Engineer: 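Here it is: the structure, laid out below.
Because the structure is predicted, anything quoted here is derived from the model rather than measured.
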Amino acid sequence: PAAGRCSPAHQPRTVANVLRELVEKQQLSEETMSLLQAQFSDLPCELHSWRQMAEYSPEMRQFACVLHLYHIKAYDYLRRIFPLPHPYSLTKQVFICSFILNSSWLSNNEAAAGFSNNIFLRLQEKVERGEQAYRYCALMVQDMSLQKQREWDLQTQRLTGFVDLGAGVLDADEAPLASEAIILMAVGISSPWTAPLGYFFVNSTTGHLLAQLLRQTINKLNNIGITVLSVTSGATARGAETARALGIRTDPERIQCTFQHPPGSAHSITYFFDICHALQLIRNALQWFQKIECLSDTVWWQHVVDLAVLQEQRVLEPCSPKSGRPGSEESYHLKVNLATLLFSEGVADALEHLQELGLASFQNCSGTVKFVRLMSSLCDIFHGRGPYRRGTEVPLLAGNYTKISHLFNEAKSFFVTLTDSTGRYIIKSKRKLGFLSFLLNAESLKWLYANYVCPEGTPSHHLLTYAFSLDPLELFLGALQQACGSSGSPTCTVFQAAYHKLLASCSLAPGSRHSSGSGSMSSLDIALSRRRDLTLGSVRAQYNPACGRMLATEHPYCAGLLLHSSALSNALTDLSLHVQSVTCTAGFVAEQLASDLQCEACLASLFESDESRVRCGSVLYIKKLGGVSLPSASVYHITSISEQVLNRYGKVGDDNKTSKLWHLSLEQKVFQELLGESPFFPTLTNHLFDGELCVNNHYTILVKEITRCYLNIR
């Protein structure tokens with residue numbers, strides 16, 4: 001050639017030349033090629049040098065792992081020329097007598113980046129003991145942002161903060177710093193166990209890289225006898241790219257909800273998008289379009305806004321015959337339960353109730369009610385946590401499949417006909433991903449039922465559908481963030497230390513609070529926390545931010561309920577006045593707790609309500625005294641016992657009253673007094689089964705918070 005260079009056909013076959021060929025053919029990115037060349041500049045270049053080696057050096061192993069994860073087609077092409085290892089070798093792991101004989105190249109001991117050898121060993125031991133709950137699992141993936149920072153590790157005497165895919169840190173001068181950690185977790189589908197499988201430090205996450213990591217994880221789980229039935233990712237652009245890379249299709253006319261693994265095999269794995277993410281997208285779509293048409297009905301976003309910002313108002317109603325005052329009127333204050341989820345029966349019932357009351361803002365809301373009720377039913381199906389749940393929030397069983405399948409068919413017919421104000425189909429607009437996510441999840445759940453629940457001899461006769469959301473993994477990430485010690489993004493060093501700490505206390509026992517290092521938070525709590533921006537309270541904060549709450553320290557005094565510098569029990573000698581004061585203070589406790597509670601059922605149980613009103617949903621009818629809401633009988637009783645304990649044991653020096661030990665001793669004495677009492681909060685009986693079956697549930701938490709709040713005020 002005129003330029004004096006050899007033609008490609010006559011160039012020596014070196015790794016660098018082959019990588020350049022792949023870039024020119026657009027089969028490998030420039031960024032990946034630059035990273036490989038910078039990190040592996042010391043690798044043998046010539047083909048004959050590779051063939052003369054008896055075994056792979058650590059650098060060659062690292063090169064193989066990185067290239068395979070970043071681009072499998074480029075790896076396969078290079079393997080035709082150079083003697084690279086078979087992809088199976090990258091994840092193969094053999095366990096004999098509890099010792100790792102042949103460790104996977106992507107695995108590590110302790111808490112280093114890569115797959116956690118200890119977790120896989122413990123899982124295999126359970127499978128080998130014949131524990132059926134561990135034979136099948138759901139797999140989920142999520143990322144966590146990192147602070148880019150290069151640090152010197154005194155223990156390893158190496159620089160940290162770089163990309164690490166489990167085969168070693170990519171720490172060349174030109175290598176990028178890690179900006180994200182990808183975390184993988186396995187979750188039981190018929191028993192609530194969770195296992196953090198490992199993490200990887202990356203600079204930029206792509207759907208292709210996530211798909212490769214998922215396939216590697218599935219291989220490793222298969223190697224120890226665990227079959228993966230599903231994969232869950234976020235309903236995000238990256239999650240959609242990952243689904244496409246695995247072969248998933250979300251076209252409503254031709255939904256493909258499974259992918260084969262290994263590719264071309266008979267084993268299929270379903271794919272789910274996280275329900276919470278999908279709900280947020282649907283909320284955004286409804287807010288964006290303002291109104292959505294469905295055949296003869298119209299769904300209005302404004303109905304939801306009007307409900308959320310509805311101001312507390314006084315209403316007069318005739319007394320019931322039980323009151324003994326026929327002909328007179330009772331005064332109530334209409335109040336919205338702001339902890340209610342947007343897509344819930346509570347909102348649907350409230351809209352219907354306000355329409356019946358004749359409020360102008362809620363007329364012609366039947367289309368909105370129908371849409372909200374449909375979404376509520378779909379959400380309940382994917383929140384099944386255990387066999388003790390009620391209604392539609394139960395595991396997928398053979399007995400309830402017909403009802404669920406009918407609901408899925410109704411949802412599909414509804415979604416595909418939704419249009420905006422111009423007549424354009426929502427399912428084909430830029431706001432379609434939330435609706436498509438629900439359709440894909442429905443098909444995946446139907447496929448799992450047909451293949452793993454319904455047939456005789458199948459592994460499970462029920463599926464915990466919450467295992468197909470990201471809630472279990474988000475529970476672990478919340479504990480991980482807490483262990484990092486700050487609310488911001490941690491560095492790689494801080495992340496590794498926190499991960500190591502959680503892994504040390506991780507138990508794989510089903511239902512254990514420490515099964516994933518989650519601490520005291522339950523799966524119900526994390527579900528409510530993740531849906532905080534899907535409540536009526538979040539809508540009110542957006543449209544009416546000025547509607548704040550009164551200062552906790554000023555409210556009781558300005559209402560004249562407490563006397564400054566004087567104990568309530570000593571200052572009030574009139575018994576009726578004493579009862580009234582405790583009642584009003586208990587009402588203030590209820591209002592203060594209601595401003596922070598995220599649970600709709602718990603919030604409603606704080607106030608005295610009219611039991612005859614069973615279809616008011618998120619609308620509460622509350623009585624007031626002196627401007628303060630009257631508490632429920634349970635709240636009053638707890639505060640009354642707290643006042644008795646304070647009166648009996650509170651006569652100590654002022655210096656001791658500020659100590660934490662004194663506060664804890666008072667709380668303990670209150671709990672001792674409450675032992676043996678009749679059950680509190682009768683409306684929460686079924687709610688006790690919504691979380692894990694343990695003592696520290698919403699019932700006991702509510703009792704503790706009421707006691708603590710009252711004692712703090714006093």
Engineer: Taking S444's backbone N and O only, do any of them form a donor-acceptor pair with T258's side chain (distance below 3.5 Å, no angle check)?
Structural biologist: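 Not confirmed, T258 side chain does not pair with S444 backbone.
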Engineer: Within the supplied structure, the quantity of interest is the number of heavy atoms (other residues, nucleotides, ligands) at a distance under 6.0 Å from N364 CG; does it exceed 12?
Structural biologist: no
Engineer: Could you check whether any side-chain N or O of R540 sits under 3.5 Å from a backbone N or O of A308, counting only pairs where one atom can act as donor and the other as acceptor?
Structural biologist: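 Between the backbone of A308 and the side chain of R540 there is a qualifying donor-acceptor contact (under 3.5 Å).
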Engineer: My understanding is that only residues two or more places apart in sequence, or in another chain, count here; which of them pass side-chain hydrogen bond (donor to acceptor under 3.5 Å, both in side chains) with Q147?
Structural biologist: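 Checked Q147 against side-chain hydrogen bond (donor to acceptor under 3.5 Å, both in side chains); matches are Q149.
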Engineer: How long is the span from the SG atom in C379 to the CG atom in L279, to the nearest 0.5 Å?
Structural biologist: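 Atom-to-atom, C379:SG and L279:CG are 4.0 Å apart.
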Engineer: So how far is it from L342 CG to R283 CZ, rounded to the nearest 0.5 Å?
Structural biologist: 6.0 Å
Engineer: Atom CZ in F415, atom CD1 in I282: separation rounded to 0.5 Å?
Structural biologist: 5.0 Å
Engineer: If you count every heavy atom of other residues, nucleotides or ligands that lies below 6.0 Å from Y543 atom OH, does the total exceed 12?
Structural biologist: yes
Engineer: Is any side-chain heavy atom of Y621 closer than 4.5 Å to one of L334?
Structural biologist: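 Touching, per the 4.5 Å side-chain cut-off.
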Engineer: I'd like to check N544 versus Q311 (side-chain heavy atoms, cut-off strictly below 4.5 Å). Are they in contact?
Structural biologist: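 A side-chain contact under 4.5 Å exists here.
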Engineer: For a quick test of reading the model, state the closest non-hydrogen atom pair linking L281 to A235 and the distance between them.
Structural biologist: CD1-O, 3.3 Å
Engineer: Taking the side chain as every heavy atom from C-beta outward, state whether S437 and H277 have any atom pair closer than 4.5 Å.
Structural biologist: no
Engineer: Do you know the tightest heavy-atom contact between T217 and L184?
Structural biologist: OG1-CD1, 3.5 Å
Engineer: Backbone N or O of S629 within a donor-acceptor pair of the E591 side chain at under 3.5 Å?
Structural biologist: yes
Engineer: Using ring-ring contact (aromatic ring centres under 6.0 Å, His included) as the criterion, list what pairs up with H208, not counting sequence neighbours.
Structural biologist: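 Counting only residues at least two positions away or on another chain, H208 forms a ring-ring contact (aromatic ring centres under 6.0 Å, His included) with H71.
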Engineer: Looking at every non-hydrogen atom in both residues, tell me the closest pair between L603 and A339 and how far apart they are.
Structural biologist: CD1-CB, 3.9 Å
Engineer: Does any non-hydrogen side-chain atom of R530 lie less than 4.5 Å from one of D274?
Structural biologist: yes
Engineer: Do the rings of F371 and F343 sit parallel, tilted or perpendicular, given the 30° and 60° boundaries?
Structural biologist: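 Perpendicular, since the angle between the ring planes exceeds 60°.
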Engineer: For the side chain of R531 and the backbone of A527, is there at least one donor-acceptor N/O pair under 3.5 Å apart?
Structural biologist: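 Such a contact is found between R531 side chain and A527 backbone.
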Engineer: Got a second to check how far I248's CD1 is from Y271's OH, nearest 0.5 Å?
Structural biologist: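 These two atoms lie 7.5 Å from each other.
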Engineer: Which heavy atom of I269 sits nearest to which heavy atom of H261, and what is that distance?
Structural biologist: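 Distance-wise, the nearest heavy atoms are CD1-CB, 3.9 Å.
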Engineer: So do the side chains of M144 and Q481 get within less than 4.5 Å of each other, counting heavy atoms only?
Structural biologist: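 M144 vs Q481: side chains touch.
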Engineer: So, for S538 and L534, which heavy atoms are closest and what is the spacing to 0.1 Å?
Structural biologist: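 Between these two residues, the closest heavy atoms are OG-N, 3.9 Å.
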Engineer: Just how far is it from atom CG of L445 to atom CZ of F438, taken to the nearest 0.5 Å?
Structural biologist: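 Here the rounded value is 12.0 Å.
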Engineer: Do S405 and Y449 make a side-chain contact, defined as non-hydrogen atoms from C-beta onward lying under 4.5 Å apart?
Structural biologist: no
Engineer: So, Q363 side chain and S361 main chain: donor-acceptor pair closer than 3.5 Å or not?
Structural biologist: no
Engineer: Show the nearest heavy-atom pair for residues G207 and T242, with the distance to one decimal.
Structural biologist: CA-OG1, 3.4 Å
Engineer: Indicate yes or no for a side-chain donor-acceptor contact from T368 to the backbone of W300 under 3.5 Å, with no hydrogens or angles considered.
Structural biologist: yes
Engineer: Got a second to check how far L436's CG is from N441's CG, nearest 0.5 Å?
Structural biologist: 11.0 Å
Engineer: Between T194 (side chain) and V187 (backbone), is there a donor-acceptor pair under 3.5 Å?
Structural biologist: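 No; judged by distance alone, with no hydrogens or angles, the pair does not exist.
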Engineer: With a 4.5 Å limit on heavy-atom distance, are the side chains of S605 and L702 in contact?
Structural biologist: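 Counting from C-beta outward, S605 and L702 do come under 4.5 Å.
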Engineer: Do side-chain atoms of S191 reach the backbone of W193 as a donor and acceptor pair under 3.5 angstrom?
Structural biologist: no
Engineer: Is it the case that the side chain of S376 and the backbone of E345 share a donor-acceptor pair, with hydrogens and angles ignored and the cut-off at 3.5 Å?
Structural biologist: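 Checking the backbone N and O of E345 against the side chain of S376, a donor-acceptor pair under 3.5 Å is found.
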Engineer: Any side-chain heavy atom of L310 within less than 4.5 Å of one from L359?
Structural biologist: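 Side-chain contact under 4.5 Å: yes.
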Engineer: Which word best sums up how the rings of F468 and F272 line up, parallel for under 30°, tilted for 30 to 60°, or perpendicular for over 60°?
Structural biologist: parallel
Engineer: Check this for me, if you would: do E443 and K446 make a salt bridge, where the nitrogen-to-carboxylate-oxygen distance has to be below 4.0 angstrom?
Structural biologist: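 Salt bridge between E443 and K446, a charged N being under 4.0 Å from a carboxylate O: yes.
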Engineer: Are any side-chain N or O atoms of E352 and backbone N or O atoms of L354, one a donor and one an acceptor, separated by less than 3.5 Å?
Structural biologist: no
Engineer: Apply side chain to side chain contact (heavy atoms under 4.5 Å, CB included) to E180 and list each qualifying residue two or more places apart in sequence or on a separate chain.
Structural biologist: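 Partners of E180 under the side chain to side chain contact (heavy atoms under 4.5 Å, CB included) test: D143, V202, T205, R238.
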